[in-house]
Enquirer: 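Starting off with a structure, shown below.
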Amino acid sequence: MGFLDKFENGVERAVNNVFAKTFRGDLKPVEMASRLRREVDEKAAVVGRDRTVVPNEFTIELATADYDQVESWGAEALADEFAANVTDHAASQRYAFVGPVTVSFSENVELEAGRFEVHSATVRGAVAPATSTAPSPRHPLLDIDGQRYLLTGPVTVIGRGSEADIIVDDPGVSRRHLEIRVTPDGVVATDMGSTNGLFVEGHSVPAATLLDGNTLTIGRTRILFWTGGDQGSDE
C-alpha cells in the first residue's frame with residue numbers, strides 16, 4: 001500500500017469518513033499530504049555521511065473558507081495525521097529531524113478557495129522527534145525521563161551539546177555522549193568516549209545491542225528503549 005493510500009485510509013478512520021465528504025471541492029487532504037511530502041524531499045539537506053536533515057515544522061496556509069472548514073471540523077486531528085505521515089515518510093527515506101514534527105494551519109485571505117501553500121522550517125528544539133506512534137523494528141523509540149523520541153534516522157546522537165540530535169540537560173552527560181545506530185541486525189548503543197560512560201541494565205559497557213525494554217543510563221539520565229520487534233542478544 002502506497003503512502004497516499006495509507007494516508008487516505010488513516011484520515012478516513014480518524015474522521016469517520018466525514019472529512020472526505022466535506023472536501024468534495026478542489027481542496028483534498030491527500031493533496032496536502034502529497035505537498036508536505038514533496039516539501040520534505042525538496043528541503044532535505046545532507047549534513048554528514050549517514051545524516052540527511054529535513055524540516056520539522058510545517059504551516060499550511062488556507063483560504064478563509066477552507067481554514068474555517070478545517071477549524072470547525074477539527075484541525076488538531078488532521079494536523080496530527082499529517083505529522084504522523086511526514087514522520088513515516090522521513091523514516092522510509094532515512095531522513096532525520098532536529099526537533100519535534102509539527103503541522104499547523106493558518107489563514108491567508110489572499111488565497112482562493114481550494115488553493116493552499118506550505119511553508120516549512122528546520123527548528124532545533126530541546127527534544128528530537130517525538131511521536132505517539134507505537135514503536136516497531138523500523139521505528140524504535142526512546143523514552144528519556146518521560147519524553148518519547150522516535151528514531152527516524154539511522155544514527156542518533158544523544159548529549160548535552162547543541163550539536164546532539166537529542167539534547168539532555170544533565171551536567172553528568174557529555175556534549176556528545178551516546179550514539180544510537182539502527183542497523184539491519186539490531187539497534188546498537190555506543191558510548192562516544194564520554195566522561196561518565198554508558199550503563200545498560202546497570203552494567204558499564206562500551207556498546208550493546210539493545211533489547212526491547214532495556215534501560216540505559218548516562219549521567220543521571222535514564223533512557224528506556226522500546227521496539228515492536230524481536231532483537232538479538234547483548235553484545
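Counting from 1, the numbers follow the sequence of the chain as shown.
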Enquirer: Please check if the number of heavy atoms outside E71 that lie under 6.0 Å from its CD is greater than 12.
Expert: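 Check passes, neighbour count above 12.
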
Enquirer: Are R94 and T52 side-chain neighbours, meaning at least one heavy-atom pair lies under 4.5 Å?
Expert: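 No, side chains not in contact.
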
Enquirer: Rounded at 0.5 Å granularity, tell me how far OH in Y149 sits from CD1 in I223.
Expert: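 Rounded to the nearest 0.5 Å, the OH-CD1 separation comes out at 9.5 Å.
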
Enquirer: Is a salt bridge present between E31 and R35, judged by a nitrogen-to-oxygen distance below 4.0 Å?
Expert: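 Salt bridge absent between E31 and R35.
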
Enquirer: Check the pair K43 / V54 against side-chain contact (heavy atoms from CB on, under 4.5 Å), numbers first and verdict last.
Expert: CA-CA 6 Å; K43 297 293 180 64; V54 294; 6.0 Å; no

Enquirer: Could you state the interatomic distance from CG (L216) to CG (L142), rounded to the nearest 0.5 Å?
Expert: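 Atom-to-atom, L216:CG and L142:CG are 8.0 Å apart.
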
Enquirer: Taking the side chain as everything from C-beta on, heavy atoms only, tell me whether D191 gets closer than 4.5 Å to L178.
Expert: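 When only atoms from C-beta onward are counted, L178 and D191 do not touch, as no gap falls below 4.5 Å.
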
Enquirer: With a 4.5 Å heavy-atom cut-off, do D165 and I158 have their side chains touching?
Expert: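 Side chain of D165 against side chain of I158, heavy atoms only: no contact under 4.5 Å found.
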
Enquirer: Do any N or O atoms from the side chain of D66 and from the backbone of L62 form a donor-acceptor pair under 3.5 angstrom?
Expert: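 Checked: no pair found.
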
Enquirer: Would you say CZ of R38 has more than 12 non-hydrogen atoms from neighbouring residues, nucleotides or ligands within 6.0 angstrom?
Expert: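 Enclosed: over 12 neighbouring heavy atoms sit under 6.0 Å from CZ of R38.
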
Enquirer: Under a 3.5 Å cutoff, is there a donor and acceptor pairing between the side chains of D170 and T221?
Expert: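 Yes, a side-chain donor-acceptor pair sits under 3.5 Å.
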
Enquirer: Taking atom CD as the centre, does E110 end up with more than 12 heavy-atom neighbours from other residues, nucleotides or ligands that are less than 6.0 angstrom away?
Expert: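 No, because the 6.0 Å sphere around CD of E110 holds 12 heavy atoms or fewer from other groups.
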
Enquirer: Between atom CG of D145 and atom CG of L224, what is the distance when rounded to the nearest 0.5 Å?
Expert: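 Atom-to-atom, D145:CG and L224:CG are 9.0 Å apart.
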
Enquirer: Has E201 got a side-chain atom pairing as donor or acceptor with T215's backbone, closer than 3.5 angstrom?
Expert: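 Side chain of E201 to backbone of T215: a pair is present.
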
Enquirer: Measuring from atom CZ of R160 to atom OG of S194, what distance do you get when rounded to the nearest 0.5 angstrom?
Expert: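 It is 11.0 Å, given to the nearest 0.5 Å.
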
Enquirer: How many angstroms lie between atom CD of E107 and atom OG1 of T64, to the nearest 0.5 angstrom?
Expert: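 Answer rounded to 0.5 Å: 3.5 Å.
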
Enquirer: To the nearest 0.5 angstrom, please state how far the CG atom of D41 sits from the CG atom of L36.
Expert: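 D41 CG to L36 CG: 11.0 Å, rounded to 0.5 Å.
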
Enquirer: Can you confirm whether H177 sits close enough to M192 that some side-chain heavy atom of one is under 4.5 Å from a side-chain heavy atom of the other?
Expert: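 In short, these two side chains do not touch, never coming nearer than 4.5 Å.
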
Enquirer: For the residue pair Y67 and F105, establish whether any side-chain heavy-atom pair is separated by less than 4.5 Å.
Expert: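 A side-chain contact under 4.5 Å exists here.
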
Enquirer: Does W226 reach the side chain of P140, with side-chain heavy atoms less than 4.5 Å apart?
Expert: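 They are not in side-chain contact.
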
Enquirer: Check whether any side-chain heavy atom of D80 sits under 4.5 Å from a side-chain heavy atom of F82, and report yes or no.
Expert: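 SC-SC contact between D80 and F82 ruled out.
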
